Amino acid sequence: MANLALLGGEKTVTLDYEKVGNLPIVGAKAKAAVNEVMDRDEISLSPIVQEFEKKFCKYVGAEYGICLSNGTSCLQAALFGCGVGPGDEVIVPSYTFWASAAPIVATNAVPVFCEVNPDTHCIDPVDVEKRITKKTKAIMCVHVWGNPCDMDAIMAIAKKYDLKVVEDCSHAHGAMYKGKKVGTIGDVGCFSLQGSKILVAGEGGILVTNNREYYERATALGSYERLGSLPDDSNYKQYALTGMGHKFRPHPLGIAIANAQLDELDERNAVRNGNAKYFEELIADIDFIKIQDTYENCEKMYSYHYARYDHEKFGGIRLVTLLKALAAEGVTCGLCGYGRLHQAPLFTKGDVFGKGCPVKCPYADENRTSEGLELPVTEYLADASFMLAPRFEQPCKELIEQFSAAYHKVAANLDELKAYEVEHEEELKNYKPKSGRSINIFR
Ligand SMILES: Cc1ncc(COP(=O)(O)O)c(C=O)c1O
């Protein structure tokens, strides 16, 4: 009789994650807040948006903030805000969601993909510096999986070459870098508030900065209704009638949800982080799992729980086999879709506007698509990183212990896995995650 549930053995996880580990996305306070806004008939414009902006700015320690329709529009507005335009190059990791990079081309600028550190999964400053040309204008850092980047190194490079820094904080609401909240270290910080994040509006985003010019310019791009109230000496007040061609206004009902949730963010982050760290402690003896390293004096928010699988430490077993075995034991886990952006047609072709732009824009230096670009570390991490566990949203010690027991059971049954691989060779070798997606839950 086999031990592993994958081969007919008994399943380890008997508790239901949805019942004991998860929580409804929209709780009672958020529902009440939405109803209040609806009772006031404020379904398009509402002061709840400005209320949230002020509260969020206070929370992160930024002077200016504007809510937009999503994190993607925040990133586009941030790039435009700090002056990125036609032909400019922006260095961005490939190990991220597409929205860290695609807004660069939407700005008619050129994304230049760089490597990440295989232990922290964050942008590699040494590799960034190697990719700087006279066209480089900005660096896009992503605090991936809630883990703060090496911002001292990035800011030193930015200073040396006079570059702007945009922080994509979509996974990192509340994460700390040396005593400061992420999003306030570079020139502009952007937070997605999409429904899978740790602070949600359903769809929505918020951009923060301490620079008045960047704020006003970012506002001008897609928030015409806000331009009339800019100070009289603003260069952007003149665009109050038209904005600059986009409409990035967020839905106030969504922002009402985020506004209510912000009051509980620290408390909920503490529970999530405590649970995730407990889980990491329990599986620390499993040497084929490499937990994401955190830079010194940083606090990661466990918005997602990803790790790296070192298959050579587990008899060469494929990641997909490991995940199948874990899933059969009842663990919620998944493959990773990050790390292949440099191979996506949007960036290998670089012809977004049909006339060769942005890469053949007259302002661009050379035809710099990502066609044929090799990023060995990123590609390795794309294959090796995986979702270790879901977000444990409430205290659930017993469930976490069951997950740990499942990992230990799988680790102790290498021979059964080897036999399974021999039998299912064809199926396993053709398995592919959905590229570009952060979550590919394994079933
Ligand atoms: C790293 C990262 N950046 C940007 C975004 C884009 O945010 P949104 O979906 O709100 O447009 C996401 C959303 O998943 C993300 O994970």
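Atoms within a ligand are numbered from 1 in the order they appear, just like the ligands themselves. Please read these numbers as outputs of a predicted model, since none were measured by experiment. Atoms considered below: every heavy atom in the structure, side chains included; atoms not considered: hydrogens, waters and symmetry mates. For this chain, numbers begin at 1 and follow the sequence in order.
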(request) State whether the number of non-hydrogen atoms from other residues, nucleotides or ligands found under 6.0 Å of Y64 atom OH is greater than 12. (result) yes
(request) Record the part of H171 in heavy-atom contact with ligand 1 below 4.0 Å; permitted values are side chain, backbone, both and neither. (result) side chain
(request) Indicate whether any N or O donor in one side chain lies under 3.5 Å from an N or O acceptor in the other, for Y59 and D266. (result) yes
(request) Answer yes or no: are there more than 12 heavy-atom neighbours, outside L241 itself, under 6.0 Å from its atom CG? (result) no
(message) Under 4.0 Å between a side-chain nitrogen and a carboxylate oxygen: does that hold for R272 and E393?
(response) yes
(message) I need the atoms of ligand 1 closer than 4.0 Å to a non-hydrogen atom of A99, numbered in the order shown.
(response) 4 (C), 5 (C), 6 (C)
(message) With the threshold set at under 4.0 angstrom, would you say V144 reaches ligand 1 through any of its heavy atoms?
(response) no
(message) Under 4.0 Å from a heavy atom of G71: which atoms of ligand 1 are those, numbered in the order shown and with their elements?
(response) 7 (O), 8 (P), 10 (O), 11 (O)
(request) Classify the contact between F191 and ligand 1 as side chain, backbone, both or neither, using a heavy-atom distance cut-off of under 4.0 Å. (result) neither
(request) Have a look at K197, Q194, H143 and point out the one with the heavy atom closest to atom 13 (C) of ligand 1. (result) K197
(request) Report yes or no: do S385 and Y95 form a side-chain donor-acceptor pair below 3.5 Å? (result) yes
(request) Assess whether atom CD1 of I25 is packed by more than 12 heavy atoms of other residues, nucleotides or ligands within 6.0 Å. (result) no
(request) Under 4.0 Å from a heavy atom of L75: give me the atoms of ligand 1 that qualify, with their elements. (result) 4 (C)
(message) What I want to know is whether F97 and ligand 1 share at least one N or O pair that is separated by under 3.5 angstrom.
(response) no
(message) Around atom NZ of K29, are there more than 12 heavy atoms from other residues, nucleotides or ligands closer than 6.0 Å?
(response) no
(message) Regarding atom 2 (C) of ligand 1: of the candidates D168, V142, T96, which has the closest heavy atom?
(response) D168
(request) Would you check whether Y338 reaches within less than 4.0 Å of ligand 1, judged by its heavy atoms? (result) yes
